[in-house]
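In what follows, a single structure is set out as structure tokens and then discussed.
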There are 2 protein chains.
Amino acid sequence: MNKKVKTTTVKTTKGERKQKILDSAERLFAIKGFEGVSVREVTKNAGVDVALANYYFNSKRGLFDAVLMRRAEILNEYRMEALEACEREAGDTPLTVEAIIDAYTHPLLDRSHLGGAGWKSYFSLIAQVNNSPEWGGIMLPRYYDPIVRRFMDALRNAMPNSNEENLYWCYHFLSGALTLTFAETGRIDHLSNGLCKSKDLEAVHARLVPFITAGFNALCQE
Amino acid sequence: MNKKVKTTTVKTTKGERKQKILDSAERLFAIKGFEGVSVREVTKNAGVDVALANYYFNSKRGLFDAVLMRRAEILNEYRMEALEACEREAGDTPLTVEAIIDAYTHPLLDRSHLGGAGWKSYFSLIAQVNNSPEWGGIMLPRYYDPIVRRFMDALRNAMPNSNEENLYWCYHFLSGALTLTFAETGRIDHLSNGLCKSKDLEAVHARLVPFITAGFNALCQE
DNA sequence: GTCTATAGCTTGATAGAC
DNA sequence: GTCTATCAAGCTATAGAC
């Protein structure tokens with residue numbers, strides 16, 4: 001019993017150190033970008049030794065990849081669950097486009113509200129990666145294409161007459177609007193003189209879903 | 001006469017050096033981000049001396065600002081002309097939402113096609129700035145808010161019953177979809193197994209306008 | 001205006017003690 | 001696993017010759 005407690009404590013500490021580095025890296029990469037942050041800055045902010053970052057992740061780039069992957073897997077699970085819940089609820093009737101869009105976007109709203117600052121940093125980082133020519137075409141497909149394909153299938157089923165290219169381009173527009181929204185850059189606050197607030201994700205999401213649904217309907221339903 | 005030619009030649013050379021630095025910076029910042037590029041790299045690529053970057057732009061950050069501003073002013077003029085052409089053409093009849101959206105987005109398509117690689121780099125850079133929490137809420141408003149407000153007025157006129165917040169959020173969705181599109185990241189090429197091509201901006205734009213228009217109509221027309 | 005030279009730091013990564 | 005010490009390289013910015 002004593003032994004077990006001891007072992008658990010040690011393991012937790014190790015795991016915690018690694019997680020602390022990931023948390024710190026996530027936060028700083030989100031603010032200043034990959035090249036704008038040094039490994040020293042990350043480890044200092046995490047309260048661990050400089051050398052540990054390379055020990056755990058081999059290189060700065062390895063650390064970056066680990067940051068991206070960590071929450072991608074979790075987010076994919078949430079999205080999958082949301083889609084399956086839709087299908088269960090609908091039974092034999094076909095899914096609505098709106099329900100599919102909501103299943104794709106709602107998990108981000110939930111994580112941003114319930115998941116704390118870590119998830120907010122992660123979404124900010126994803127927005128930047130998505131729009132980067134260096135990473136956007138390579139990293140995101142790696143982590144997200146399988147689940148996106150699953151949603152594309154659902155959309156195809158919901159709109160059987162849809163043109164295939166239109167379907168992909170509509171997803172592309174969704175992707176751009178969604179990632180910018182959850183990046184919470186404050187741009188719209190400035191433009192609207194404070195009327196709209198980037199942080200009020202509930203308000204944006206309530207508009208995002210019908211906006212995107214209308215776009216899909218216009219291009220993919222005949 | 002001789003004197004005038006001489007002076008002109010000198011001025012051109014100076015201007016060319018400055019422009020070469022801007023071109024090189026624009027290209028490299030677009031690929032690797034602000035922090036990912038060194039001033040040495042920029043000047044080496046431009047074929048000029050290292051010290052000239054600081055001589056002309058005071059600092060690396062000053063160079064970055066100059067890159068952002070240079071084409072913003074030109075783009076704003078093109079957009080303004082496009083909107084005024086719409087208004088002239090419409091005469092007394094109210095503008096359609098689709099025409100306004102097209103006036104806002106079409107200048108990007110034209111510049112990307114006719115403007116060469118410089119404009120493509122610029123749009124890629126804008127996409128990254130737009131999604132950055134550090135710059136998105138500060139730099140873009142500075143250069144683009146006046147013209148965006150002008151377009152918001154036009155949209156308000158076209159949809160007199162529209163809710164003010166909805167109008168701003170719809171613009172926000174447009175902004176995310178538009179900047180990602182002109183960043184040409186190659187993401188959709190991968191996802192669609194080559195069916196859709198990021199570089200085929202003509203094809204995307206033809207879908208972007210009706211997609212966004214449908215979104216505006218759904219939220220701002222009652 | 002242009003260029004050389006360099007000051008003064010910070011960087012990613014690692015070798016080796018414990 | 002953790003940490004100290006250090007390396008070689010690269011960085012921004014500038015002072016001063018021309």
Side-chain angles (χ1 to χ4, degrees), chain A residues 3-68 125 134-135 139, chain B residues 3-68 125 134-135 139:
Chain A
K3 200 176 157 190
K4 195 194 165 191
V5 170
K6 212 174 175 181
T7 313
T8 309
T9 308
V10 172
K11 269 188 185 168
T12 310
T13 308
K14 276 198 283 183
E16 271 176 10
R17 280 217 168 83
K18 206 173 165 180
Q19 291 301 317
K20 266 183 197 270
I21 295 173
L22 285 171
D23 291 342
S24 170
E26 183 174 64
R27 198 174 72 83
L28 293 171
F29 284 151
I31 298 170
K32 305 206 257 177
F34 177 70
E35 317 269 4
V37 183
S38 67
V39 176
R40 301 172 126 83
E41 217 175 332
V42 169
T43 51
K44 190 177 180 182
N45 195 274
V48 304
D49 191 87
V50 209
L52 284 185
N54 281 313
Y55 173 74
Y56 281 124
F57 304 103
N58 296 317
S59 68
K60 187 185 178 185
R61 177 55 198 265
L63 171 58
F64 187 70
D65 288 0
V67 166
L68 281 191
L125 190 54
E134 214 188 4
W135 316 107
M139 302 294 289
Chain B
K3 200 177 158 190
K4 195 192 164 190
V5 171
K6 210 174 176 182
T7 313
T8 309
T9 308
V10 171
K11 268 188 185 168
T12 311
T13 308
K14 277 198 283 183
E16 271 176 9
R17 282 216 167 86
K18 204 173 167 183
Q19 292 300 316
K20 268 186 196 265
I21 296 174
L22 284 171
D23 291 342
S24 170
E26 183 175 64
R27 199 175 72 83
L28 293 172
F29 285 150
I31 298 170
K32 305 206 258 178
F34 176 70
E35 317 269 3
V37 184
S38 67
V39 176
R40 299 175 122 78
E41 218 175 334
V42 169
T43 50
K44 190 176 179 181
N45 195 276
V48 304
D49 191 85
V50 210
L52 283 185
N54 281 313
Y55 173 73
Y56 282 123
F57 304 102
N58 295 319
S59 68
K60 186 184 178 184
R61 179 56 198 263
L63 172 58
F64 187 69
D65 289 0
V67 167
L68 281 191
L125 190 55
E134 214 189 4
W135 292 324
M139 301 295 288

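Chain letters run A, B, ... following the sequence lines, proteins first, then strands; residues in each count from 1.
Every pair passing ring pair (Phe, Tyr, Trp, His ring centres under 6.0 Å) that includes a residue from residues 20-58 of chain A is listed here, sequence neighbours excluded: A/Phe29-A/Phe34, A/Phe29-A/Phe64, A/Phe34-A/Phe64, A/Phe34-A/Trp135.
Rounded to whole Å, atom P of C/dT10 lies 15 Å from atom CD of B/Glu35. Nucleotide C/dT11 holds its C1' atom 12 Å from the CZ atom of A/Phe34, rounded to whole Å.
Separating the CD atom in A/Glu26 from the CG atom in A/Leu68 is a distance of 9.0 Å, to the nearest 0.5 Å. A distance of 11.5 Å separates CG of B/Asn45 from CD1 of B/Ile21, quoted to the nearest 0.5 Å. Atom OG1 in A/Thr43 sits 13.5 Å away from atom NZ in A/Lys20 (nearest 0.5 Å). Put simply, NZ on A/Lys32 and CD on A/Glu41 are 3.5 Å apart, with the number rounded to the nearest 0.5 Å. The CZ atom of A/Arg27 lies 5.0 Å from the CD1 atom of A/Ile31; values are rounded to the nearest 0.5 Å. A distance of 6.5 Å separates CG in B/Leu63 from CG in B/Leu22, rounded to the nearest 0.5 Å.
Listed by chain and residue number, nothing satisfies the salt bridge (Lys or Arg N to Asp or Glu O under 4.0 Å) test with A/Lys18 (two or more places apart in sequence, or in another chain). By the salt bridge (Lys or Arg N to Asp or Glu O under 4.0 Å) test, A/Asp65 is found to be paired with A/Arg61, A/Arg142, residues two or more places apart in sequence or in another chain being considered.
Here the shortest heavy-atom pairing between B/Val42 and B/Ser24 reads O-OG, 2.7 Å.
Of the residues in residues 21-29 of chain A, none has a non-hydrogen atom less than 4.0 angstrom from any atom of DNA chain D. The stretch residues 54-65 of chain A touches DNA chain D through A/Tyr55, A/Tyr56, each having a heavy atom under 4.0 angstrom from the strand.
Among the heavy atoms of the strands, none lies under 4.0 Å from A/Val42.
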Please enumerate all protein N or O atoms sitting under 3.5 Å from an N or O of nucleotides 3-10 of chain D, with distances to 0.1 Å.
| unit_1 | atom_1 | unit_2 | atom_2 | d |
| --- | --- | --- | --- | --- |
| D/dT4 | OP2 | A/Asp49 | OD1 | 3.4 |

